[in-house]
Protein chains: 2
Amino acid sequence: MAKLTGPLANKDTVSGSDPLHELLLKLRARDVLSEEEEQILRDSIGEIKELPRAKVIVKAGVTVSECTLLVEGFVCRYKDLSDGQRQLMELHVPGDFLDLHSFLLKQLEHNVGSMTPVRLVMTPHDKIRDITEKHPHLARMLWFSTLLDAAIHRERILSVGRRSALSRISHLFCELYVRLNVVGLTDGFSYRLPITQADIADASGLTAVHVNRMLKQLREMGLMSFRNNEVVIQDWNQLQRTGEFSDHYLYLERRPR
Amino acid sequence: MAKLTGPLANKDTVSGSDPLHELLLKLRARDVLSEEEEQILRDSIGEIKELPRAKVIVKAGVTVSECTLLVEGFVCRYKDLSDGQRQLMELHVPGDFLDLHSFLLKQLEHNVGSMTPVRLVMTPHDKIRDITEKHPHLARMLWFSTLLDAAIHRERILSVGRRSALSRISHLFCELYVRLNVVGLTDGFSYRLPITQADIADASGLTAVHVNRMLKQLREMGLMSFRNNEVVIQDWNQLQRTGEFSDHYLYLERRPR
DNA sequence: CGAGCGGTTGATCCTCCTCAACAAATGTGG
DNA sequence: CCACATTTGTTGAGGAGGATCAACCGCTCG
């Protein structure tokens with residue numbers, strides 16, 4: 001593969017032209033979305049924004065009036081502790097709404113930040129409210145997508161609560177593989193993931209040093225490698241087993257909601 | 001206080017007669033619920049069920065067609081690991097829907113089980129679907145209540161990921177105090193919590209032995225005690241500080257959704 | 001009365017953290 | 001282009017928080 005150059009060179013397909021491409025893939029992996037509903041979504045979105053990495057996209061406690069859809073790049077939701085520790089709640093991939101829940105919560109209790117340069121699409125709360133008033137099925141699909149976040153949260157609770165360091169990290173890379181695969185951002189058994197080991201640590205409730213050791217072990221076990229911002233999975237079955245990963249919680253059956 | 005006798009003697013107010021009492025308190029702490037909407041909820045509920053403790057209420061992977069509202073008792077959502085370990089995702093108090101998300105997910109990826117004898121009210125998915133079709137504001141309030149679960153999940157991720165054992169446990173008891181207070185189930189700075197130390201351990205990602213030691217320490221520090229199924233908080237401010245607890249994530253402002 | 005569960009305490013072990021040093025990669029200004 | 005700073009990754013040594021194993025107590029219930 002040719003070396004990628006620009007900060008947003010993550011994308012090399014024509015899909016880059018449609019900001020809803022990944023969202024539609026994500027939704028249609030779970031339910032039937034009509035042409036009309038697709039159009040309603042298109043009519044709901046507003047301006048496109050670009051941001052460099054390490055910027056706060058939504059700050060905790062600040063009232064917001066629009067939701068943000070991630071089009072390109074990686075984003076995380078996180079909270080900081082008083083002693084400087086940080087915990088990532090969720091790592092977001094293109095096609096994810098970053099703060100759809102802000103529509104009803106009005107303000108978030110956590111921060112949302114870019115981990116890479118990102119491209120975002122804004123959607124006013126008013127438009128989403130209209131959807132809940134006039135298009136109940138589409139509204140249910142949006143509701144569903146917040147339930148998916150909650151299911152991912154629960155799996156994270158299990159990971160940090162009960163799994164070993166090696167298992168946690170394996171699980172995280174498995175999850176990202178499946179989620180990126182749904183939106184067409186994997187290349188065979190590998191995917192780009194331009195984040196640091198410290199980020200992995202904050203996501204898995206470990207220290208960066210220990211993450212480094214576990215990554216080394218995963219490499220030596222021949223399961224996967226994470227180098228140069230790229231994840232390469234060598235033994236998918238064994239990696240899943242090590243992380244006790246099963247994709248049930250990602251609800252990938254297409255069924256009416 | 002007189003000794004409570006029966007398995008369901010948790011309740012000593014007249015509210016016991018209205019199965020929606022706690023739910024209405026919970027919803028009205030966050031938004032204005034009209035008389036009409038209250039009536040719609042009343043028309044949506046079906047039979048009342050009672051179950052002993054330690055029963056599975058909803059099993060992972062089984063398709064369900066109704067949601068369950070907890071009226072009385074304590075319930076948890078949990079997952080088991082292959083080696084016999086268990087992690088609680090959330091601990092539910094009266095007024096909580098245990099599986100409102102099953103309405104859209106159709107089946108859950110985790111189990112829901114009773115931790116005490118419980119009283120439940122069933123609500124068919126069809127009724128909830130009707131609400132999303134005809135009563136968008138009420139539907140948003142239901143959506144909101146699933147977002148509240150997600151916010152509680154996120155705080156749990158932070159706890160198990162980054163907080164010390166003492167801090168985690170303090171936080172858990174703070175959260176339960178506030179949530180029980182909203183639905184009128186506290187008595188000053190104490191509340192009934194008829195669960196075991198092993199349950200606390202599974203909720204906080206620790207072992208029962210270590211929970212026991214931390215509870216002892218909290219007692220010796222004069223912050224709180226948990227004995228005979230009763231939590232007594234002696235120093236609320238210091239307990240909050242120890243658990244780094246703030247109730248922001250419970251969204252207790254009443255504002256339109 | 002014995003069984004079983006929940007709680008308590010001690011001794012020991014081990015995963016993961018902390019601290020520290022250094023290497024490699026990346027970025028910056030001259 | 002190089003010199004330099006900064007960030008990220010890597011490795012080692014030592015330490016600590018929590019797990020594990022085990023024994024025992026008290027209570028409840030059949």
Side-chain angles (χ1 to χ4, degrees), chain A residues 3-7 9 52-54 74 81 83-87 114-117 159-170 172 193-220 224-231 242, chain B residues 3-7 9 52-54 74 81 83-87 115-117 159-170 172 192-220 224-231 242:
Chain A
K3 182 130 189 353
L4 301 166
T5 51
R53 47 147 279 159
F74 288 88
L81 284 183
D83 61 352
Q85 290 194 98
R86 147 185 297 210
Q87 176 69 45
S114 61
M115 314 182 76
T116 68
S159 262
V160 291
R162 293 296 187 202
R163 290 196 242 257
S164 70
L166 195 71
S167 183
R168 275 183 232 186
I169 292 173
S170 303
L172 183 62
L193 186 70
I195 68 178
T196 67
Q197 293 182 358
D199 294 328
I200 304 289
D202 289 340
S204 50
L206 300 164
T207 58
V209 172
H210 202 58
V211 167
N212 182 280
R213 290 188 228 270
M214 296 298 103
L215 287 174
K216 184 183 179 188
Q217 193 177 331
L218 285 172
R219 264 189 327 261
E220 287 171 352
M224 60 157 285
S225 72
F226 175 44
R227 302 205 107 138
N228 306 318
N229 298 331
E230 182 144 29
V231 175
T242 304
Chain B
K3 183 139 193 337
L4 301 166
T5 52
R53 46 148 280 159
F74 288 90
L81 284 183
D83 61 353
Q85 289 194 98
R86 144 185 299 211
Q87 176 68 45
M115 313 181 77
T116 68
S159 262
V160 292
R162 292 296 188 205
R163 289 196 243 258
S164 71
L166 195 70
S167 184
R168 277 183 228 185
I169 292 174
S170 303
L172 183 61
R192 286 208 79 221
L193 186 70
I195 68 178
T196 68
Q197 292 183 359
D199 294 327
I200 304 289
D202 289 340
S204 51
L206 300 166
T207 57
V209 171
H210 203 58
V211 166
N212 182 280
R213 290 189 229 271
M214 295 298 103
L215 287 175
K216 183 184 179 185
Q217 192 176 331
L218 285 171
R219 265 191 323 263
E220 286 171 355
M224 59 158 285
S225 72
F226 175 43
R227 302 204 106 142
N228 306 319
N229 297 331
E230 181 144 30
V231 175
T242 304

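Order of the sequence lines sets the chain letters (A, B, ...), proteins ahead of strands, with each chain counted from 1.
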(request) Keeping the roles fixed (side chain from B:Asp202, backbone from B:Asp199), state whether a donor-acceptor pair exists under 3.5 Å. (result)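 No: the side chain of B:Asp202 does not pair with the backbone of B:Asp199.
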
Output the rounded distance in Å from [atom1] ([X]) to [atom2] ([N]).
X	N	atom1	atom2	result
A:Lys216	C:dA24	NZ	P	14 Å
B:Gln85	D:dT20	CD	P	7 Å
A:Arg163	C:dT15	CZ	C1'	17 Å
A:Ile169	D:dG9	CD1	P	13 Å
A:Gln197	D:dG9	CD	C1'	5 Å
B:Arg168	D:dG18	CZ	P	7 Å
A:Asn228	C:dA24	CG	P	14 Å
B:Asn212	D:dG26	CG	C1'	13 Å

(request) Let me know, please, whether A:Arg162 or A:Asn229 comes out on the 5' side of the other along DNA chain D by nearest nucleotide. (result) A:Asn229

(request) Flag the pair B:Ser170 / B:Leu218 as yes when at least one side-chain heavy-atom distance between them is below 4.5 Å, and no otherwise. (result) yes

(message) Taking the side chain as everything from C-beta on, heavy atoms only, tell me whether A:Arg162 gets closer than 4.5 Å to B:Asp83.
(response)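 Side chain of A:Arg162 against side chain of B:Asp83, heavy atoms only: no contact under 4.5 Å found.
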
(message) Taking only side-chain N and O atoms of B:Thr207, does any of them lie within less than 4.0 angstrom of OP1 or OP2 on D:dG18?
(response) no

(request) Tell me what A:Leu215 touches on the nucleic acid: a base, only sugar-phosphate, or nothing, going by heavy atoms under 4.0 Å. (result)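 A:Leu215: no heavy atom of the nucleic acid under 4.0 Å.
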
(message) For a quick check of understanding: with a heavy-atom distance under 4.0 Å over all strands, which category does B:Arg227 fall into, base, sugar-phosphate or nothing?
(response) sugar-phosphate

(request) Nearest-nucleotide wise, let me know which of A:His210 and B:Arg213 is further upstream toward the 5' end of DNA chain C. (result) B:Arg213

